[in-house]
There are 2 protein chains.
Amino acid sequence: MRMSELSRLSGVPVATIKYYLREGLLPAGRQLSATQAEYDEQHLRRLRLIRALIGVRGLSVSTTRELLGALSEYTGDTHRLLGLALGAIRLTEDTEQDVPELADVEALVTELDWNVHKAAPARATLAETLASLRTLGVPLDRHTLLPYARLAERTAVLDLDQLQGIEDPLEAAERALLLTVLLEPALMALRRMAQENESARRHAEAGD
Amino acid sequence: MRMSELSRLSGVPVATIKYYLREGLLPAGRQLSATQAEYDEQHLRRLRLIRALIGVRGLSVSTTRELLGALSEYTGDTHRLLGLALGAIRLTEDTEQDVPELADVEALVTELDWNVHKAAPARATLAETLASLRTLGVPLDRHTLLPYARLAERTAVLDLDQLQGIEDPLEAAERALLLTVLLEPALMALRRMAQENESARRHAEAGD
DNA sequence: CTAACATAGATAGTGAAGGTATCCAATGAT
DNA sequence: ATCATTGGATACCTTCACTATCTATGTTAG
């Protein structure tokens, strides 16, 4: 298919597709001549993935590029891909300064007996958030955090279960990305709804 | 204290503080004269909160303004405040178009027997994410989503527990905001670490 | 009292991010 | 042969979150 058809099928303007090509998010089409290139189903699929990561999850173009790079590089090695994908995303900008809470995180990981890479950015994200909360007068200690971590553990089991039994390695890789990254807004939405429900429950019990 | 001292104590540049005042994120100080105003501990506290919401959680200035507005308006009514706070945040931009997955969300909420407002933005966020996943070939049905929702339920219980036993209504309101909003990056970080751990566990079991 | 400096508030400018729009030469369809 | 379409290059635009400058007024040290 031509670029115009790719645009029509995906709903993404031609100018934007060109932009993604320039930025290296979308691989170039098969060159037919100096001014013609052909795109296929893979491109359409990739384009939809890009829109989901940027539009739904709110990732930046550069983060998306890293993620997609990991996807093509580690197709077939889901474990490695997962590591790369998890590492590529930063929820907070990294301040890169040593925050004292890193020790708390280390202690928590040890207590949980988790096998997590020493340099995992998630550690820094967690430490930074804890530091911020402490500054604001809400110090969360390990004791408080532990049950949250146990629930995260069970969430991760559900996540990994979803990846079982997929034979096509490309599909497995893509699904790993989608489930780890794109599911985040959904999980946060579930938590918000659950909070509203729980709040209503307690409010009704206590007062009128 | 003067603005310069507020700046020094918070680490936020004077120009930025003026910007937050203009944008209505920070209440004006007590006017001493035409060109002098005094700020107090409350302002410092508020300023730190603003930086955390914008810097750590990555909220936009306008979302932060809504949130802080809800905070001053509903101090003392934690249940109402929570509703406002949960509603003010949108993880995804709202497409506002009726996506078929809204029915699935409705069914899920019914099955869970949750008391969630019909117009809660979290419903739309969830529906939109599900729609996106379906388009990408990963249709998550209610059956798959249910265990995630159950875990969210238990997370919400932990969240609400944190708010128990705080007597000062302003402090309770602020903490509600912090725990619902600022804890999100921390929970996602925990999930990422748990995934890495779970992936390592299964990888080790299966292969070498 | 006065000179030097600080401050509040208004207005304008900056830089990054994420697109959009315009050109143009080379096709491909009619 | 003609004429709209395409790919590629380049320039432009808009939003966001600040940041800098300017001015009139205050404060303070000598």
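A note on names: the letters A, B, ... follow the listed sequences, proteins ahead of strands, and every chain is numbered from 1.
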Task: Nucleotide interval of DNA chain C bounded by contacts with chain A (heavy-atom cut-off, under 4.0 Å) - done: C/dG18 to C/dG28
- [ ] Verify, without hydrogens or angle tests, whether A/Glu184 (side chain) and A/Arg57 (backbone) share a donor-acceptor contact under 3.5 angstrom.
- [x] no
Task: Degree of bending, the helix from C/dC1-D/dG30 to C/dT30-D/dA1 (end axes from five pairs; round to 10°) - done: 10°
- [ ] Among residues two or more places apart or on two chains, list those pairs meeting salt bridge (charged side-chain N to carboxylate O under 4.0 Å, His left out) that have a residue in residues 70-79 of chain A.
- [x] A/Asp77-A/Arg80
Open item on the list: Counting the atoms with a prime plus P, OP1 and OP2 as sugar-phosphate, which does B/Arg51 contact under 4.0 Å by heavy atoms, base, sugar-phosphate, or nothing?
Closed with: sugar-phosphate
- [ ] Describe the nucleic acid contact of B/Ser60 in one word from base, sugar-phosphate, nothing, applying a heavy-atom distance below 4.0 Å.
- [x] sugar-phosphate
- [ ] List in chain and number order the residues that pass side chain to side chain donor-acceptor pair (under 3.5 Å) with A/Ser199, two or more places apart in sequence or in another chain; answer none if no residue qualifies.
- [x] B/His79
Task: Per-nucleotide protein contact string for nucleotides 6-12 of chain D, where B marks a base within reach and S marks sugar-phosphate only (heavy atoms under 4.0 Å, - for neither) - done: BBB-B--
- [ ] Sequence neighbours left out, what passes salt bridge (Lys or Arg N to Asp or Glu O under 4.0 Å) with B/Arg46? Give chain and number order.
- [x] none
Open item on the list: Suppose we screen for salt bridge (Lys or Arg N to Asp or Glu O under 4.0 Å). Which residues come up paired with A/Arg8, at least two apart in sequence or across chains?
Closed with: A/Glu5
- [ ] Find the distance A/Leu6:CG to D/dT5:C1' and express it as a whole number of Å.
- [x] 16 Å
Task: Between P of D/dA17 and OH of B/Tyr20, the distance in whole Å - done: 9 Å
TODO: Can you run down the side chain to side chain donor-acceptor pair (under 3.5 Å) pairs that involve residues 156-167 of chain A, sequence neighbours left out, and say none if there aren't any?
DONE: A/Asp159-B/Tyr148, A/Asp159-B/Arg191, A/Asp159-B/Gln195, A/Asp161-B/Arg202
- [ ] For residues 131-144 of chain A, pull every pair meeting side chain to side chain donor-acceptor pair (under 3.5 Å), keeping only residues two or more places apart or in separate chains.
- [x] A/Glu101-A/Arg134, A/Glu111-A/Arg142, A/Asp141-A/Thr144
Open item on the list: Run the side-chain contact (heavy atoms from CB on, under 4.5 Å) test against A/Leu44 and tell me which residues pass, sequence neighbours left out.
Closed with: A/Leu6, A/Leu9, A/Ser10, A/Glu41, A/Arg48
Open item on the list: Which residues pass the ring-ring contact (aromatic ring centres under 6.0 Å, His included) test with A/Tyr39, not counting sequence neighbours?
Closed with: A/His43
Exercise answer: donor-acceptor pairs, residues 11-31 of chain A side-chain atoms, under 3.5 Å, sequence neighbours excluded:
from	atom 1	to	atom 2	distance (Å)
A/Glu23	OE1	A/Arg65	NH1	3.3
A/Arg30	NH2	A/Glu38	OE1	3.0
A/Gln31	NE2	A/Ser33	O	3.2

